[in-house]
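In each ligand, atom 1 is the first atom listed, and ligand 1 is the first ligand listed.
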Amino acid sequence: MTDMPALSNLGAIDAAHHLHPFSDMKKLNAAGTRIIQRGEGVHIFDNTGRKYLDAFAGLWCVNVGYGRTEIAEAAYRQMQELPYYNTFFGTTTAPATLLAQKIASHTGAELNRVFFTNSGSEANDTWLRMARVYWKALGKPNKTQVIARKNAYHGSTVAGASLGGMKWMHEQGDLPIAGISHINQPYWYAEGGDLTPAEFGLKVARELEDKIDELGEDNVAAFVAEPIQGAGGVIIPPDTYWPEIARICRERNILLVCDEVICGFGRLGSWFGHQHYAVSPDFAPIAKGLSSGYLPIGGVLVSDRVADVMVAELGDFYHGFTYSGHPACAAAALENLRIIEEEGLIERVRDDIGPYFGRAWRSLEEHEVVGEAVSVGLMGALQLAADKTTRRRYSKPDDVGTLVRNHCLDNGLIMRATGDRMLASPAFTIAYSEVDQMVETVRKGLDHLRDTVCE
Ligand SMILES: *Cc1c(COP(=O)(O)O)cnc(C)c1O
């Protein structure tokens, strides 16, 4: 074993050598990074021994909680027997194959095949190429364009960031790439105006139809959306939204892609987010909850409609990753899914802790700086508002979100803020008392905002 250097040096070493994702390195190096050392259940501990309640499950992923030695042991056993072999040239390993079968056992009748990747970003790159080869194989080579949504998140690779609808990401690196356009998101609170949520849901869904008309149906391959937009602020669509999207995709012969990287594997109290909304996608990118983040693994679920054409017509698909279906990652994912099944964690999210969390969370809506408190399963958002009766937002959304988030952090609670929305996504194993503690800490953060910022 190599020895880790004395922990007191790590901050300086980090500043000298480590470029962090999604970080302002000048600010981070000046402030110093927090060093996380250990996790147990829903808690993490930093190198000074400080304990935090992680209400975000890492990055929406540690769904079975920290400290699951069974997952570590499954990976260890696999690494001793066979640490690596590829799935490229006529070979497979048992964990990769059995994981594909296990995943398919929880999807609807139409999604029976999995293509493995290492991440959600790669999963989005993968279906984009698949969608284009699918239409080409059917003699429609012009069906290449993709319609996505503003404020969506589909990853950080060139295609992933292009499919995503974050303007500030597009500005770095000349994105989006050609052939991708974005329509409005179903964000009623901020963008719904005088419409009811139901009317607004239909209106933004029909933007898809308008965009297809504008581009020409014969030029459009697919529409992609997260069942609930996650990084964009947990934007929960009105009930009218998804049925209308599904109708349009079906009638206009456009492939439907549900990005399940967050919603998949139980976060909404169903195995997949598209099941919650009762729609059938042609592709579903997955990652995060597949292994609860214990090891990196992702993939794309592919519908029979597409997979059958690819198998019958395509010949070689020139695409894949050295670590597609990595046996140790697949073994960890299989163990993670075994835990989810045997402990009934999805039922727990649907029937027990999810509703409990939902009630506690919604109690925050009474607070005078909260415009709405919404959740599905264990995925929640609090909209901060300067005037809740008129839905007027604070003039500096990022500042108010950061203020509440930092107050929570100082009080031992890890939350995330996207602009003026506070986001929660705890592990499925969170206890009632931990939900109560979380909500009370957030309430104090909201008091702090009310007492500090007047608009
Ligand atoms: C996190 C995320 C991704 C990207 O996954 P990575 O593993 O970080 O590449 C893609 N889509 C959604 C919806 C995500 O939340």
TODO: Have a look at ligand 1 and work out which part of H154, if any, has a heavy atom under 4.0 Å from it: side chain, backbone, both or neither.
DONE: backbone
TODO: May I ask you to check whether W60 has an N/O atom sitting below 3.5 Å from an N/O atom of ligand 1?
DONE: no
Task: N47 side chain to Q37 side chain, donor-acceptor N/O pair below 3.5 angstrom - done: no
Task: Residue and atom name of the nearest protein heavy atom (relative to atom 15 (O) of ligand 1), distance in Å to one decimal - done: K288 NZ, 2.7 Å
Open item on the list: Using a 4.0 Å cutoff against the non-hydrogen atoms of I262, which atoms of ligand 1 qualify?
Closed with: 15 (O)
Task: Protein heavy atom at shortest distance from atom 8 (O) of ligand 1 - done: S121 OG, 4.3 Å
Task: Cation-pi, F45 ring and R50 (6.0 angstrom, 45 degrees) - done: no
Task: Given D420, L384, D399, the one that forms side-chain contact (heavy atoms from CB on, under 4.5 Å) with Y394 - done: L384
Open item on the list: Under the criterion side chain to side chain contact (heavy atoms under 4.5 Å, CB included), I'd like the reasoning laid out for L256 against W242: C-alpha separation, chi angles, the key distance, then a yes or no.
Closed with: CA-CA 11 Å; L256 173 61; W242 272 109; 4.0 Å; yes
Open item on the list: Among all protein heavy atoms in this structure, tell me which lies nearest to atom 7 (O) of ligand 1, with the distance rounded to 0.1 Å.
Closed with: G120 N, 2.9 Å
Task: Ligand-residue contact atoms, ligand 1 with D259, heavy atoms, under 4.0 Å - done: 10 (C), 11 (N), 12 (C), 13 (C)
- [ ] Would you check if there is a donor-acceptor pair between the side chains of Y66 and R38 at a distance under 3.5 Å?
- [x] no
Open item on the list: Do H154 and S121 pair up side chain to side chain, a donor and an acceptor below 3.5 Å, judged on atom types alone?
Closed with: no
- [ ] Take every heavy atom of E260, measure it against each atom of ligand 1, and state whether any distance is under 4.0 Å.
- [x] no
Task: Which segment of Y153 sits under 4.0 Å of ligand 1 when only heavy atoms are counted - done: both
- [ ] Show the numbers, then the answer: is there a side chain to side chain contact (heavy atoms under 4.5 Å, CB included) between L255 and F223?
- [x] CA-CA 6 Å; L255 298 174; F223 170 70; over 6 Å; no
TODO: Please identify which atoms of ligand 1 are closer than 4.0 Å to at least one heavy atom of E226.
DONE: 13 (C)
